[in-house]
Amino acid sequence: MLEINNLKCRIGDTEILRGLSLTVNAGEVHAIMGPNGSGKSTLALVIAGHEDYVVTGGDVTYNGKNLLDLDPEERAREGIFLGFQYPVEIPGVSNASLLKAAVNAKRKHQGLGEVDAFEFLKLAREKMAALNMDPKFLNRGVNEGFSGGEKKRNEILQMAMLEPSLAILDETDSGLDIDALKVVAKGINALRAPDRAIVLVTHYQRLLDYVEPDFVHVLSEGRIVRSGDKTLALELEDKGYDWVREAASA
Amino acid sequence: MKRPSLSMAGLRDAVRSMPDDSLTAIREAALANLDEHGLPTVRDEDWKYTDLSPAIDISNRWFAAGATSTSTDSLAASIEALTSSIDANWLVIANGIIDTSHYEETAGVDIGRFSDNAAPFVLDRPLADLNAALLHDGLRIRIHAATDKPIGILVVDETCEAAVVTQVSIEIEIAPGCDAQIIEYHSSTGNNDHYSNSVVALQISKAATANYVRIQNRRIGHVQTGRISITMDTDSKLAMASFDLGGGLIRNDVDIDLSHPGADANFNGLYLAGDGQHIDNHTRVDHRVGPATSSQEYRGILNGRSRCVWNGKAIVHAGADGSDAKQANHNLLLSDKAEIDAKPELEIYADEVKCSHGTTIGQLDDAALFYLRSRGLDRQQATHILTRAFAADLVSRTPIPQALETITALVDARLAELIQDGMS
Ligand SMILES: Nc1ncnc2c1ncn2[C@@H]1O[C@H](COP(=O)(O)OP(=O)(O)OP(=O)(O)O)[C@@H](O)[C@H]1O
Ligand SMILES: [Mg+2]
């Protein structure tokens with residue numbers, strides 16, 4: 001589904017990704033771990049199409065298409081979803097209107113008509129109930145004044161409404177209380193399907209207890225320096241990143 | 001390029017071709033005044049950013065062509081469409097001529113004309129002189145009881161000749177204790193050049209409230225200058241919202257005189273400008289006694305090669321202790337060719353006053369734009385949503401509920417157009 005080959009990118013004069021390769025197939029769950037500043041969010045943003053990052057080498061193929069040729073909105077409509085590490089507050093734009101516009105943009109791309117207002121509301125309420133979200137959040141400005149955990153839950157709500165083929169969740173577990181973590185994990189698991197893939201960026205084993213990954217990767221200094229199965233995460237928890245870095249440079 | 005000056009000979013001919021009636025003496029007095037003082041130029045501090053040349057050029061061409069204006073059936077159709085867009089009791093001024101046929105007599109409201117009682121009025125501003133010199137007749141409205149429907153004043157022009165000039169003058173008095181709702185709606189059609197000049201005097205009596213909405217949605221390219229002078233008596237209230245959506249060269253002056261304690265003036269404005277538009281809002285509040293409050297917030301969204309001006313002057317005169325003057329002006333520039341001159345001017349000669357001002361000039365938030373695009377909205381849609389949110393804050397403060405839906409739709413449509421033009 002997603003094939004990243006020797007990807008290099010920079011922002012300003014700083015090179016951040018330095019030859020990163022990763023293959024994600026349909027049906028798989030990947031976890032990406034790594035020290036602060038290693039380039040995890042950068043990778044997520046480059047896949048989503050953030051224009052501040054300049055790709056200087058390598059290629060990214062998504063469902064056979066050159067992903068780097070597509071605008072961010074085209075990538076979204078093709079089924080890529082990024083759950084932001086720091087979701088943006090957009091005062092004055094209601095959550096409901098964003099969700100509706102997003103759902104309709106995707107439907108239009110698929111050649112479908114606009115979603116019926118009643119159906120939309122019903123679906124949104126259902127998804128919110130599953131995430132223990134008060135329906136009042138629909139009428140609030142997007143992330144406006146939301147607590148850290150509420151913002152993350154809101155990202156999962158958007159994901160649930162958009163049903164992406166490839167979801168990249170950047171530290172969606174950070175800042176969640178224990179109950180919220182379970183709820184969010186349930187939301188992520190609900191999306192698991194043979195034709196979908198999920199990439200979790202996380203610092204903690206906690207989330208991986210609930211959403212079991214097929215692969216775990218360690219990103220360090222702009223490269224994937226180690227990959228393994230879910231036991232790698234446990235090992236990391238135990239030994240820290242220095243262990244991987246040493247192994248990588250050895 | 002040499003700036004044209006108003007042809008006084010042309011103006012004189014135009015004035016003298018008007019019917020000899022009870023306003024003739026006033027027209028002559030205004031003509032003489034204008035002859036002496038002339039129209040403002042960019043050398044005048046208040047007109048530094050706004051060059052009236054297009055208005056003068058249109059006027060001169062109109063004079064030269066005989067100073068006539070005609071209309072077609074489409075004017076009637078415009079009136080029909082516009083008056084049915086907001087549920088109000090409409091007085092119409094079409095091509096400068098008062099038309100009360102759409103108005104339903106209402107208890108508590110007296111409608112008259114300047115010609116009924118042609119008392120000479122104060123002429124001390126050049127554009128008011130130009131207005132008085134060429135005025136067919138003015139509208140006098142006295143509201144002494146609250147009405148179910150807002151009183152609407154539709155100023156609509158259709159240009160059939162190559163260049164047309166129209167004058168509008170309105171005096172509104174709100175009786176003591178009365179709560180009034182007034183909508184002033186300017187619109188124009190026709191491919192030719194047009195210049196409209198309006199003068200409104202609003203008098204809010206003791207403990208009265210004026211809810212006032214002003215919509216300017218002229219054809220892009222048409223010229224308008226308009227002044228509203230507001231006097232407020234003890235404990236009176238003003239809640240005003242202005243929307244400038246169309247037009248080419250637009251200059252608005254809002255003058256508020258606070259000479260009585262307890263007055264509370266709240267006035268806000270939204271201006272949307274695209275390629276070729278020039279929208280200038282000059283406001284002035286004179287705090288002559290305290291306590292009294294004034295607060296204004298203007299917001300602008302500019303795209304393409306457009307230019308806007310916001311100049312907010314608040315003068316707290318000596319002795320006006322307890323005055324509270326707030327000003328805010330926020331601008332969103334969607335294009336690097338757009339230009340805004342934002343100038344708060346506070347002059348304070350009293351002690352014990354509270355004054356504040358804040359102006360911002362910014363671009364769309366890139367992070368928000370990317371966030372929306374990452375959800376599948378294209379740049380145009382994302383821009384529309386973000387600008388709409390920026391405007392919505394002011395739109396929602398429209399003090400007349402009956403006008404809200406139409407204003408929301410007009411703002412939305414104009415934003416869509418602006419953004420579309422900026423993208424191509
Ligand atoms: N706009 C920018 N300008 C300069 N440097 C940047 C910019 N954005 C990111 N960087 C740098 O790129 C590096 C990678 O950042 P990134 O956000 O991808 O790290 P991360 O792995 O997600 O870290 P964390 O675990 O803390 O979220 C960091 O050193 C960061 O400072
Ligand atoms: Mg990060």
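Throughout, a chain's letter reflects where its sequence line sits, starting with A, and its residues are numbered from 1. As a basis for the values below, the full set of heavy atoms in this structure was taken, side chains included, without hydrogen atoms, waters or symmetry mates.
- Side-chain contact between R373(B) and E51(A): present, with at least one pair of heavy atoms (C-beta onward) separated by less than 4.5 Å.
- In plain terms, the two heavy atoms of A389(B) and V93(A) that are nearest each other are CB-CG2, 3.7 Å.
- Here L82(A) is the residue among L99(A), L82(A), V103(A), L162(A) with the most heavy-atom pairs under 4.5 Å with chain B.
- Under the 4.5 Å side-chain criterion, counting only non-hydrogen atoms from C-beta, D378(B) is in contact with R77(A).
- When heavy atoms are compared at a cutoff of 4.5 Å, N143(A) approaches chain B solely by way of its side chain, counted from C-beta outward.
- The aromatic rings of F84(A) and Y371(B) sit tilted, their planes meeting at an angle between 30° and 60°.
- Annotation: K151(A), atom NZ; neighbour count of heavy atoms from other residues, nucleotides and ligands within 6.0 Å is above 12.
- For D148(B), the CG atom sits in a loose shell: 12 or fewer heavy atoms of surrounding residues, nucleotides or ligands are nearer than 6.0 Å.
- Using a 4.5 Å cut-off between heavy atoms, P164(A) makes no contact with chain B at all.
- Using a 4.5 Å heavy-atom cutoff, the side chains of F370(B) and D52(A) are not in contact.
- Between A76(A) and S374(B), the shortest heavy-atom contact is CB-O, 3.3 Å.
- Taking a 6.0 Å sphere around NZ of K326(B), one finds it holds 12 or fewer heavy atoms contributed by other residues, nucleotides or ligands.
- Each of L377(B), D366(B), D365(B) has some count of heavy-atom pairs under 4.5 Å with chain A, and the biggest count is that of L377(B).
- In this structure, the separation between CG on L372(B) and CD1 on I90(A) is 4.0 Å, given to the nearest 0.5 Å.
- The environment of R305(B) atom CZ is sparse: at most 12 non-hydrogen atoms of other residues, nucleotides or ligands sit within 6.0 angstrom.
- Residues I385(B) and A101(A) share a closest heavy-atom pair of CD1-CB, 4.2 Å.
- The local environment of CD in E345(B) is crowded, with over 12 non-hydrogen atoms from other residues, nucleotides or ligands closer than 6.0 Å.
- Contact annotation for A392(B): neither backbone nor side-chain heavy atoms come within less than 4.5 Å of a heavy atom of chain A.
- Residue E144(A) places its CD atom among more than 12 non-hydrogen atoms of other residues, nucleotides or ligands, all under 6.0 Å distant.
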Worked check of side chain to side chain contact (heavy atoms under 4.5 Å, CB included) between R375(B) and M161(A): CA-CA 11 Å; R375(B) 298 304 181 241; M161(A) 293 292 289; over 6 Å; no

